[in-house]
Visitor: 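Dropping a structure here in structure tokens format, bear with me for questions.
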Amino acid sequence: MEKIEVKSSAVIYNSVEELSQEDRILMNKAVEARAKAYAPYSKFNVGAAFLLENGEIVLGNNQENAAYPSGMCAERVGIWKIGSEFPGIKIKKLAITAASTQTKVDKPVGPCGACRQTLSEYEINQKEPMEILFMGEVGKIVKTESLLSLLPFSFDSSYL
């Protein structure tokens, strides 16, 4: 038997104002995307903004449907848009923000498990980490150097 320790690290910022100019612009774009989310059922709006290596910023937001499983998270809306419109272009960073029309979201909201799995495939395929920043509507922002730091022991195509 062998015991291992898996660690993840992140930087916590107290507000958007503490971010670098590039990160602040990206998070503001995620806020813009969040405002266009279609979330009439959960009332929980999520916006995502991806910075590509070519300087393009691609947005995604959650899209709900009365048949709940038919909806889609902001991160996957954005990543699949990148896959269809910018194949082969690497993703440098992703900013995510969430807000509710029913309560104030004042703690960071990271990507769900399905989004982490989907995003991990893009990070693995590009052979470079993508930074992830996430926040609620207000408050602290979490920044990690890699999506894979949020998903230890990830599943990828090497198992197939």
Visitor: Is there a continuous path of hydrophobic side-chain contacts, each under 4.5 Å between heavy atoms, that joins V105 to V16?
Guide: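 Each belongs to a different hydrophobic cluster.
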
Visitor: So, are E131 and K92 salt-bridged, with charged N and O less than 4.0 Å apart?
Guide: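 No salt bridge links E131 with K92.
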
Visitor: Using a cut-off of 6.0 Å, state whether more than 12 heavy atoms not belonging to K29 lie near its atom NZ.
Guide: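 For K29, atom NZ is not crowded (no more than 12 foreign heavy atoms under 6.0 Å).
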
Visitor: Please report the interatomic distance CD(E64) to OH(Y41), rounded to the nearest 0.5 Å.
Guide: 8.0 Å

Visitor: To the nearest 0.5 angstrom, please state how far the CD atom of E128 sits from the CD1 atom of I91.
Guide: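 Spacing of CD (E128) from CD1 (I91) equals 11.0 Å.
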
Visitor: With hydrophobic residues grouped by side-chain heavy-atom distances under 4.5 Å, do L119 and F155 end up in a single group?
Guide: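 L119 does not cluster with F155.
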
Visitor: Are I12 and L94 linked, directly or through intermediate hydrophobic residues, by side-chain heavy-atom contacts shorter than 4.5 Å (ILVMFWY only)?
Guide: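 Yes; I12 is reachable from L94 via cluster members.
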
Visitor: Tell me whether the count of non-hydrogen atoms from other residues, nucleotides or ligands lying under 6.0 Å of CD in Q102 goes above 12.
Guide: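 More than 12 within 6.0 Å, yes.
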
Visitor: May I have the step-by-step check of side chain to side chain contact (heavy atoms under 4.5 Å, CB included) for I141 and F134, ending in yes or no?
Guide: CA-CA 6 Å; I141 299 123; F134 52 94; over 6 Å; no

Visitor: Is any NZ, NE, NH1 or NH2 atom of the basic residue among K7 and E5 found under 4.0 Å from an Asp or Glu carboxylate oxygen of the other?
Guide: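 Counted as a salt bridge, because a side-chain N and a carboxylate O are separated by less than 4.0 Å.
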
Visitor: Evaluate side chain to side chain contact (heavy atoms under 4.5 Å, CB included) for L148 paired with S154, printing each intermediate quantity in order.
Guide: CA-CA 7 Å; L148 291 175; S154 65; 3.8 Å; yes

Visitor: Without swapping roles, check the side chain of N62 against the backbone of N45 for a donor-acceptor pair under 3.5 Å.
Guide: no

Visitor: At what distance, to the nearest 0.5 angstrom, does CG of D156 lie from CG of N125?
Guide: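 One finds 8.5 Å between CG of D156 and CG of N125.
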
Visitor: Walk me through whether S20 and E22 qualify under side-chain hydrogen bond (donor to acceptor under 3.5 Å, both in side chains).
Guide: CA-CA 5 Å; S20 69; E22 182 177 75; 5.4 Å; no

Visitor: Are Q63 and N61 close enough that a side-chain donor and a side-chain acceptor fall under 3.5 Å?
Guide: yes

Visitor: Just how far is it from atom CD1 of I96 to atom CG of L133, taken to the nearest 0.5 Å?
Guide: 8.5 Å

Visitor: Any heavy-atom pair between the side chains of I25 and Q21 that's under 4.5 Å?
Guide: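 Yes. Closest side-chain heavy atoms under 4.5 Å.
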
Visitor: Looking at S120 and Q117, would you say the former's side chain and the latter's main chain have a donor-acceptor pair under 3.5 Å?
Guide: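 Yes.
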
Visitor: Do P111 and E75 have side chains that approach each other closer than 4.5 Å (heavy atoms only, starting at C-beta)?
Guide: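 With C-beta onward as the side chain, the pair touches.
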
Visitor: When hydrophobic residues are tied together by side-chain contacts of less than 4.5 Å, even through go-betweens, does V58 share a cluster with L51?
Guide: no

Visitor: If hydrophobic clusters are built by linking Ile, Leu, Val, Met, Phe, Trp and Tyr wherever their side-chain heavy atoms come under 4.5 Å apart, do M72 and V109 end up in the same one?
Guide: yes

Visitor: Does the side chain of R34 pick up a donor-acceptor pair with the side chain of T97 at under 3.5 Å?
Guide: yes

Visitor: Start with the C-alpha distance between K93 and F50, add both sets of side-chain angles, then the distance that settles side chain to side chain contact (heavy atoms under 4.5 Å, CB included), and finish with yes or no.
Guide: CA-CA 6 Å; K93 298 180 183 189; F50 294 82; over 6 Å; no

Visitor: Step by step, work out the side chain to side chain contact (heavy atoms under 4.5 Å, CB included) result for E137 and V31.
Guide: CA-CA 8 Å; E137 180 180 359; V31 170; over 6 Å; no

Visitor: Counting only heavy atoms not in E121, do more than 12 sit closer than 6.0 Å to its CD atom?
Guide: no

Visitor: Give the minimum heavy-atom separation between E53 and G88, together with the two atoms involved.
Guide: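 Nearest heavy atoms, E53 then G88: OE2-O, 4.2 Å.
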
Visitor: For S149 versus S8, what's the shortest heavy-atom pair and its separation?
Guide: O-OG, 2.9 Å

Visitor: Might you point out which heavy atoms bring R116 and L150 nearest each other, and give the distance in Å?
Guide: NH1-O, 3.0 Å

Visitor: Which pair of heavy atoms, one from Y122 and one from M130, lies closest together, and at what distance?
Guide: CB-CE, 4.2 Å

Visitor: Would you say E56's side chain and L52's backbone share a donor-acceptor pair under 3.5 angstrom?
Guide: no

Visitor: With no hydrogens and no angle check, just 3.5 Å: does a side-chain donor-acceptor pair link S146 and E123?
Guide: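 E123 and S146 do have a side-chain donor-acceptor pair below 3.5 Å.
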
Visitor: Starting at NZ of K43, measure out to OG1 of T103 and round the result to the nearest 0.5 Å.
Guide: 12.5 Å

Visitor: Would you give the length of the straight line joining atom CD1 of I89 to atom CG of N54, rounded to the nearest 0.5 angstrom?
Guide: 5.0 Å

Visitor: Which atom pair, heavy atoms only, marks the closest approach of A49 to A30?
Guide: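 It is CB-N, 3.6 Å.
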
Visitor: Any sub-3.5 Å donor-acceptor pair from N28's side-chain atoms to R24's backbone N or O?
Guide: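 A pair under 3.5 Å: yes.
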
Visitor: Over all heavy atoms of both residues, which pair between A10 and T144 is shortest? Give the atoms and the distance, please.
Guide: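 That would be CB-CG2, 3.9 Å.
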
